[in-house]
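For ligands, and for the atoms within them, numbers begin at 1 and follow the listed sequence. Because the structure is predicted, anything quoted here is derived from the model rather than measured. Because only heavy atoms are used, hydrogens play no part in the values below, and waters and symmetry mates are left out as well, while side chains stay in.
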Amino acid sequence: MHRVSPADSREIDAKIRTKSKLGTIERQAPLDSKFRFDVDGRYVDVRVSILPLGKGQSIVCRLLDQSSNLLKLDDLEMPEDIRACLRHIIAMPQGLLLVTGPTGSGKTTTLYGLLQQLNTPERKIITAEDPIEFRVAGISQAQTNPRLPFSLALKAMLRQDPDVILVGEIRDSETAKLANQAALTGHLVLSTLHTNSAPLTLTRLVDIGADPNIMAAAMGGYMAQRLVRRLCPLCRVPQPMNEYVAKQMLKVEVPQEKIDAVSTIYEWNPNGCDSCRKGWVGRTAVFELIMPTAEVKLAVEEANLRALERAARLQNQYRTLAHDAMLCVLNGVTSIEEAVAVTGDMSFEG
Ligand SMILES: [Zn+2]
């Protein structure tokens with residue numbers, strides 16, 4: 001963090017306001033805008049948010065590097081079995097794929113990865129987003145606003161005969177119905193939903209008024225994800241596998257033989273080293289994915305959460321978020337504390 005003099009601070013304020021075409025006069029109302037600059041030939045978008053305070057103001061600039069975040073599905077870091085299933089889902093001509101998780105769980109990165117994989121000249125792809133975080137050549141991206149909510153955008157998009165539709169988020173009954181309907185009529189539909197786990201997608205959709213029969217027929221896949229911090233490989237602290245850790249792992253159904261195969265796991269080094277930030281280097285995602293098998297579709301049709309969980313367990317790629325996070329611990333990617341902190345409350349849900 002750098003401290004700057006009041007004079008510099010005034011200059012920075014003026015520069016940000018000029019670049020993002022905000023007046024320098026308005027000091028009472030919150031302001032939102034954006035601007036773009038280029039570094040070494042690549043674009044960086046900056047989203048600017050200004051909040052007037054009692055004294056002075058709070059200015060937040062969020063950097064969106066237009067090239068670094070746009071990885072294709074094949075380049076995203078994820079377990080191979082999950083990637084293979086996602087590839088299978090997006091190879092289908094129709095179906096609804098829902099990615100769930102709280103804000104900041106990496107859903108956008110996954111969805112753009114899928115879009116990038118699908119982005120070929122013969123496919124028409126339309127999105128409705130709030131906000132448009134990354135602009136992608138070859139894709140028609142609409143920004144929702146009070147006069148263009150997701151439901152209305154989706155209706156308008158369907159009249160444009162797309163092959164692939166991305167709806168930023170399903171949060172009301174009408175959008176849920178339209179998304180399922182679109183997925184039944186020859187469109188691959190990608191969207192997100194706010195819920196805690198992949199099975200709970202069922203509960204949430206039924207709660208907001210979607211028809212379980214249509215959901216079952218339209219289902220492409222239900223996925224949940226979270227981000228866990230990644231241990232710095234240079235300064236992480238080795239620790240022998242012990243009974244307590246093994247017990248935690250068995251609790252979330254990690255197979256005994258996978259636990260037995262590992263003798264060392266790693267702990268976080270709070271001091272860090274020269275090549276990391278306090279012992280951590282970025283984050284990686286953990287996943288939970290349910291595929292639309294016959295048993296799963298039957299459970300969805302009956303809106304039966306327990307039956308859905310049982311049917312999901314029969315699938316090779318299915319493991320809970322907590323289980324997937326434990327695999328990251330076994331691989332030395334993250335620590336047991338981090339895995340439990342991010343996904344621990346998931347394992348004993350309802
Ligand atoms: Zn380090």
Residue pair W268, R236: steps toward the side chain to side chain contact (heavy atoms under 4.5 Å, CB included) verdict: CA-CA 5 Å; W268 171 52; R236 61 187 180 176; over 6 Å; no

For the Zn ion (ligand 1): protein N/O/S atoms at distances below 2.8 Å: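 N, O or S atoms of the protein closer than 2.8 Å: 4.
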
L118, I165, I125, L166 screened by side chain to side chain contact (heavy atoms under 4.5 Å, CB included) with L188, the one that passes: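 With L188 as partner, side chain to side chain contact (heavy atoms under 4.5 Å, CB included) holds for just one option, L118.
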
L96-L73 co-clustered via ILVMFWY side chain contacts under 4.5 Å: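 The answer is no; the residues belong to distinct hydrophobic clusters.
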
Pair R123-T120, side-chain donor/acceptor within less than 3.5 Å: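 Note: R123 and T120 side chains meet the donor-acceptor criterion.
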
D74 bridged to R87 by N-O distance under 4.0 Å: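 Salt bridge between D74 and R87, a charged N being under 4.0 Å from a carboxylate O: yes.
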
Rounded distance [0.5 Å steps], NZ in K19 versus CZ in F37: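 Output value for this atom pair is 8.0 Å.
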
